[in-house]
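Just so you know, these numbers use all the heavy atoms, side chains as well, and skip hydrogens, waters and symmetry mates. Start at 1 and go down the list; that is how both ligands and their atoms are numbered.
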Amino acid sequence: MQAKFQHALVIGASSGIGEALARRLAADGCRVALVARRRAELERIAGEINADAGEGRALFYEHDVRNAGEVPSLLQEIARALGGLDLVIYAAGVLPRVAFDEYDTAKDLATLNVNLLGAIAWLNPVAARFNRLRRGTIVGIGSVAGDRGRSGAPAYNTSKAALHTYLEALRNRIGRYGVRVVTVKPGFVDTAMVTGMGKLPLVVSPERAARLILKHARSGSLVAYIPARWRLASLIVRAIPSWLFRRLKV
Ligand SMILES: NC(=O)c1ccc[n+]([C@@H]2O[C@H](COP(=O)([O-])OP(=O)(O)OC[C@H]3O[C@@H](n4cnc5c(N)ncnc54)[C@H](OP(=O)(O)O)[C@@H]3O)[C@@H](O)[C@H]2O)c1
């Protein structure tokens with residue numbers, strides 16, 4: 001189990017799980033950089049963290065993950081400002097609502113841009129840096145939704161399945177050099193992303209999700225379901241034969 005993290009970067013920290021992760025890390029004594037698009041939210045959250053934990057504990061950076069060209073210099077700037085970097089969490093994501101008979105390429109590409117391509121744009125230079133240093137922890141927030149192709153959100157499912165595969169490949173490249181790559185698969189977390197979805201099973205708060213995610217990050221888990229009960233649920237869902245899964249309309 002790794003000691004507490006000292007310098008962390010959370011991409012997608014302006015709300016939900018990323019916000020809860022940034023707050024938890026700061027409360028545990030870590031210096032944390034928050035990245036997302038909504039400046040006002042970032043400023044408010046960083047201000048509250050600094051008021052509670054001490055000035056300079058949280059820094060924030062306005063950035064759209066679709067601007068991949070900005071990443072290498074922003075990563076350097078953040079590592080310098082924090083005084084180091086030992087944990088990077090990619091939590092940015094979108095889940096646009098898709099009607100059952102909707103086939104909107106622009107919407108689907110936008111989902112892939114944030115959930116998958118943004119992750120690759122950030123985690124490639126992070127992996128190169130940690131590989132050079134022979135240490136560091138990378139956490140990617142996937143989803144149980146990536147474990148199966150469902151009819152309700154094809155591009156979201158695809159983005160998360162591909163993210164899981166990318167993270168596994170990163171782990172297989174740099175895990176041998178002491179760098180940890182943790183794939184996190186939450187079930188349902190009570191954030192803006194699931195607002196209006198009706199009654200959902202096994203929902204956890206973003207604060208509980210953040211606590212569990214950081215526990216897995218410290219222990220160096222390979223693939224962590226949040227909460228753990230989703231591992232069995234996913235095992236069952238993945239065992240359903242395709243001909244039957246198709247009829248379930250999920
Ligand atoms: N909630 C769930 O039930 C659930 C379940 C499984 C997995 N997840 C995953 O958990 C992660 C966090 O989601 P959440 O539930 O916490 O939802 P959320 O509150 O909507 O948070 C999404 C975060 O992603 C950021 N983001 C979105 N587009 C971005 C862009 N173009 N550039 C930079 N940042 C961007 C948002 O910041 P800005 O809008 O300020 O840019 C926000 O900080 C996502 O990857 C999601 O897929 C969530």
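With respect to Glu168 and Arg171, no salt bridge is recorded, no charged nitrogen being found less than 4.0 Å from a carboxylate O.
Under 3.5 Å, the side chains of Asn115 and Tyr90 contain no donor-acceptor pair of N or O atoms. In this model, no donor atom of one side chain and acceptor atom of the other lie less than 3.5 Å apart for Arg246 and Ser242.
Closer than 4.0 angstrom to ligand 1 lie heavy atoms from Gly12, Ala13, Ser14, Ser15, Gly16, Ile17, Ala36, Arg37, Arg38, His63, Asp64, Val65, Arg66, Ala91, Ala92, Gly93, Val94, Val114, Ile141, Gly142, Ser143, Tyr156, Lys160, Pro186, Gly187, Phe188, Val189, Thr191, Met193, Val194.
Listed by first and then second residue, the salt bridge (Lys or Arg N to Asp or Glu O under 4.0 Å) pairs involving residues 12-32 are Glu19-Arg23, Arg23-Glu48, Arg24-Asp28 (not counting sequence neighbours).
Counting only distance, with no hydrogens or angles, the side chain of Asp64 and the backbone of Arg66 share a donor-acceptor pair below 3.5 Å.
In terms of hydrophobic clustering, with Ile, Leu, Val, Met, Phe, Trp and Tyr side chains grouped at heavy-atom distances under 4.5 Å, Leu87 and Leu123 are assigned to different clusters.
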